[in-house]
Engineer: 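Quick one: the structure is below, and I'll ask about it shortly.
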Amino acid sequence: MKIVHTLLISIFISTAVFGQGQKPQDFLSSDFHKERREILRNKMPGNSVAVFFSNPIRNRANDVNFKYHQDPNFYYLTGHRQPHGLLMIFSEEQNINGKVMNEIIFVRGRNALAELYDGGRISTAEAVNDLKLEVAFETPDFESFPIDFSKFYQVLFYDFENDVRETQEEGDLYDLISQFKKKVNYPDDSNLDITPEPQENNLNTTLLDELLRPMRGIKTKEELDLLRKAVKISALGQAEVMRAMKPGMSELEVQGMHEFIYKKYKAEYEGYPSIVGAGHNGCVLHYIDNYKPEIEDGELILMDLGAEYHGYTADVTRTIPVNGKFTKEQKAIYDLVYEAQEAGMSVAKAGVPFSAVFDTTLAVINKGLLELGIVKSLNEEDLIDPATGRHRYYPHGCCHHIGLDVHDLGEYGTLEENMVITIEPGIYIPEGSPCDEKWWDIPVRIEDDYLIKKDGIELLSDDAPRKSSEIEELMQEESAFGQFNLPDIEEK
Ligand code: GLY
Ligand code: MN
Ligand code: MN
């Protein structure tokens with residue numbers, strides 16, 4: 001039995017009690033989300049229904065959860081940021097119980113006790129008035145909602161990851177998924193990627209991604225405004241940290257300075273766990289421990305971070321000399337990565353394949369590695385690390401979409417106007433690499449965010465210098481963090 005707090009149900013803490021000034025006013029508009037639903041509806045096959053579930057709440061430990069983050073597709077289509085929700089979009093209007101609708105949202109039922117702890121839940125009236133959904137019900141009503149999924153030609157949804165907890169609250173995500181599975185005769189032994197043979201069943205777990213990918217990959221004006229802001233905040237963070245950087249700081253302190261700046265500019269999250277690696281830690285591509293207690297004089301530090309502003313995330317990397325001056329070897333590698341990025345930038349524009357940008361950066365890096373004597377030849381045995389099967393020193397791709405996800409949904413064939421992508425070449429030379437040890441522990445990634453235009457690109461992250469000489473120059477400036485002194489708490 002679910003615990004329903006009926007006695008307290010009338011004591012609602014409505015979101016309405018929080019005045020306008022209590023929330024930012026520059027979120028995507030409800031018209032944006034409504035238009036997205038309309039576009040998706042028009043792309044759906046006739047007589048189909050698309051079903052979306054909100055993200056699960058992730059447990060951190062015991063009774064404490066991670067801060068909630070909505071599923072990007074659910075957010076894109078609704079603007080709803082609370083957990084335990086279900087959205088249905090119908091390709092044609094449905095008449096259900098005498099009510100005509102082409103979409104319906106189920107939002108979590110009100111619960112005064114839970115709202116006392118977690119804040120107000122959106123009401124069904126607010127879902128209709130503020131989110132502009134046609135019809136809204138509370139999630140406990142889904143079980144008895146009279147919908148016959150068998151009559152649709154296709155039921156479109158993303159397959160389930162089996163990572164949803166039963167919270168013992170009526171109409172939670174666990175219930176919604178269980179009830180949905182029952183209603184659609186979801187096969188027990190289902191593997192991911194159900195693409196139905198028409199005679200077998202009408203469930204399709206692959207088409208939604210195909211329909212949403214081109215939509216999510218091309219940014220609208222409203223999305224661009226938020227992305228520009230996220231990128232600007234992240235680049236300003238990089239620039240300020242360049243001013244503040246000193247040997248002896250810890251990696252966590254450096255991470256904290258970036259993230260403080262994000263919060264100062266009211267960015268709610270980091271778009272992904274912040275990567276701050278000094279010396280050989282920078283050679284671990286997604287190093288997020290950020291544990292090194294004292295960054296050493298003479299090291300490079302690689303900082304790959306992105307502010308998330310109202311759902312949209314930047315992805316910006318700078319690699320800088322901790323003491324403000326690149327050594328000869330560090331500068332040689334840095335300038336080679338810079339040259340590769342510039343070359344990638346020079347070919348990127350609408351109509352060019354993504355692969356052309358990567359190939360351009362790779363050609364510059366390979367040529368440079370050969371000239372510096374870091375690789376003996378451009379033959380496979382010299383370039384490819386047999387342990388990983390990847391390029392020994394440039395082991396990753398160079399471009400991806402950013403948006404509601406840091407590796408955003410989008411097409412990866414040809415660049416198109418209003419895509420926003422990264423160009424992020426890198427060279428990483430871990431200790432023990434088969435080259436002169438003067439190159440060891442030099443990691444460099446330079447990553448910027450770009451708007452694709454008809455005739456070229458717009459660099460969005462230009463508030464953080466990229467050129468080695470400009471970085472060295474900025475690192476001479478004073479930082480506001482220089483005045484930020486706290487008492488020493490180490491035992492002497
Ligand atoms: N921050 C992850 C990436 O650059 O793709
Ligand atoms: Mn990236
Ligand atoms: Mn990155």
Side-chain angles (χ1 to χ4, degrees), residues 275-287 296 298-304 315-323 325-348 352-400 407 412 421-448 466-472:
I275 298 165
V276 177
H280 66 258
N281 291 341
C283 294
V284 179
L285 300 178
H286 287 170
Y287 170 79
E296 289 160 47
E299 284 185 318
L300 287 181
I301 184 164
L302 185 155
M303 306 177 291
D304 179 346
D315 186 6
V316 180
T317 307
R318 288 293 180 270
T319 310
I320 64 173
V322 170
N323 62 13
K325 186 98 186 109
F326 289 96
T327 65
K328 186 163 158 260
E329 285 75 24
Q330 289 168 351
K331 185 166 157 33
I333 300 297
Y334 187 93
D335 289 348
L336 177 54
V337 176
Y338 176 82
E339 192 192 328
Q341 195 193 36
E342 285 279 306
M345 288 163 62
S346 71
V347 298
V352 166
F354 267 80
S355 56
V357 184
F358 174 73
D359 292 347
T360 304
T361 62
L362 180 64
V364 171
I365 284 178
N366 280 345
K367 180 167 171 283
L369 290 173
L370 191 62
E371 282 168 7
L372 293 169
I374 294 171
V375 294
K376 290 191 202 71
S377 79
L378 298 185
N379 299 330
E380 195 170 313
E381 62 270 23
D382 285 317
L383 280 186
I384 305 297
D385 177 358
T388 62
R390 295 278 182 94
H391 192 293
R392 194 177 280 284
Y393 301 117
Y394 181 17
H396 58 73
C398 93
C399 303
H400 58 84
H407 298 156
Y412 279 91
I421 66 159
T422 64
I423 301 180
E424 51 173 307
I427 296 176
Y428 314 84
I429 313 180
E431 187 180 342
S433 296
C435 60
D436 191 320
E437 62 184 75
K438 70 182 180 181
W439 302 109
W440 289 0
D441 285 344
I442 297 183
V444 174
R445 175 157 72 251
I446 312 175
E447 175 172 30
D448 284 272
R466 295 183 299 121
K467 254 192 173 152
S468 52
S469 58
E470 289 171 4
I471 289 172
E472 286 180 341

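Throughout, residue positions are numbered sequentially from 1 according to the sequence presented.
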Engineer: Output, in order, the C-alpha distance, side-chain angles, deciding distance and verdict of side-chain contact (heavy atoms from CB on, under 4.5 Å) for Val337 and Thr319.
Structural biologist: CA-CA 11 Å; Val337 176; Thr319 310; over 6 Å; no
Engineer: So do the side chains of His400 and Tyr412 get within less than 4.5 Å of each other, counting heavy atoms only?
Structural biologist: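 Heavy-atom side-chain distance check passes, below 4.5 Å.
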Engineer: Tell me the closest heavy-atom pair linking Thr361 and Gly344, and the distance in Å.
Structural biologist: CG2-CA, 4.0 Å
Engineer: So Ile427 and Ile442, do their side chains get closer than 4.5 Å, heavy atoms only?
Structural biologist: no
Engineer: Are Val375 and Tyr393 close enough that some pair of their side-chain heavy atoms sits under 4.5 Å apart?
Structural biologist: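 Counting from C-beta outward, Val375 and Tyr393 do come under 4.5 Å.
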Engineer: Which side-chain hydrogen bond (donor to acceptor under 3.5 Å, both in side chains) pairs, counting each pair once, include a residue from residues 429-438, with sequence neighbours left out?
Structural biologist: none
Engineer: If you look at every heavy atom in Ala348 and Val357, which pair is closest and at what distance?
Structural biologist: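 Smallest heavy-atom distance, with atoms named: CB-CG2, 4.1 Å.
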Engineer: Grab the two heavy atoms, one from Leu285 and one from Pro395, that are nearest each other, plus how far apart they are.
Structural biologist: CD1-CG, 4.1 Å
Engineer: Taking all non-hydrogen atoms of both residues, which atom of Ser346 and which atom of Ala343 are closest, and how far apart?
Structural biologist: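 Ser346 and Ala343 have their closest heavy atoms at OG-O, 2.7 Å.
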Engineer: Any non-hydrogen side-chain atom of Pro443 less than 4.5 Å from a side-chain atom of Leu300?
Structural biologist: yes
Engineer: Side-chain contact test, heavy atoms from C-beta onward, threshold under 4.5 Å: evaluate it for Val364 versus Leu336 and give yes or no.
Structural biologist: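 Answer yes - side chains close enough.
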Engineer: Please report the shortest heavy-atom distance between Leu302 and Arg445, naming the atom on each side.
Structural biologist: CD2-NH2, 3.6 Å
Engineer: Are Glu329 and Ile429 packed together at the side-chain level, in the sense that at least one heavy-atom pair is separated by less than 4.5 angstrom?
Structural biologist: no
Engineer: Among Glu339, Glu342, Glu424, Glu447, whose salt bridge (Lys or Arg N to Asp or Glu O under 4.0 Å) with Arg466 holds?
Structural biologist: Glu342
Engineer: How long is the straight-line distance from CG of Asp382 back to CG of Asp385, given to the nearest 0.5 Å?
Structural biologist: 12.0 Å
Engineer: Hey, what do you get for CE (Met345) to CD1 (Ile423), rounding to the nearest 0.5 Å?
Structural biologist: 6.5 Å
Engineer: If you round to the nearest 0.5 Å, how far is CD1 of Ile421 from CG of Asp315?
Structural biologist: 11.5 Å
Engineer: Between Ile365 and Pro425, what is the shortest heavy-atom contact and its length?
Structural biologist: CD1-CB, 4.0 Å
Engineer: Count the heavy atoms of every other residue, nucleotide or ligand shown that sit under 6.0 Å from CD of Glu380, and state whether that count exceeds 12.
Structural biologist: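 Result for CD/Glu380: open.
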Engineer: Parallel, tilted or perpendicular: which fits the ring planes of Tyr334 and Phe326, with parallel below 30° and perpendicular above 60°?
Structural biologist: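 Plane angle between 30° and 60°, so tilted.
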Engineer: Between Ile275 and His286, is there a side-chain heavy-atom distance shorter than 4.5 Å?
Structural biologist: yes
Engineer: Under the ring pair (Phe, Tyr, Trp, His ring centres under 6.0 Å) test, which residues partner His396, sequence neighbours left out?
Structural biologist: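 Here the qualifying residues are Tyr394, Tyr428.
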Engineer: Nearest 0.5 Å please: distance from the CG atom of Asn366 over to the OG atom of Ser377.
Structural biologist: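 Answer rounded to 0.5 Å: 10.0 Å.
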Engineer: Would His391 and Leu362 count as a side-chain contact (heavy atoms from CB on, under 4.5 Å) if you check the C-alpha gap in whole Å, the side-chain angles of each, and the deciding distance to 0.1 Å?
Structural biologist: CA-CA 10 Å; His391 192 293; Leu362 180 64; 3.7 Å; yes
Engineer: Using a 3.5 Å distance criterion without hydrogens, assess whether the side chain of Gln330 forms a donor-acceptor pair with backbone atoms of Gly298.
Structural biologist: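 Indeed, once roles are kept as given, a pair shorter than 3.5 Å links the two residues.
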Engineer: Atom CG of Asn281 and atom CG of Asp441: how far apart are they, to the nearest 0.5 Å?
Structural biologist: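 These two atoms lie 9.0 Å from each other.
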Engineer: Please report the interatomic distance CG(Asp335) to OG(Ser468), rounded to the nearest 0.5 Å.
Structural biologist: 3.5 Å
Engineer: Counting C-beta onward and ignoring hydrogens, is there a side-chain heavy-atom pair between Val444 and Lys331 closer than 4.5 Å?
Structural biologist: no
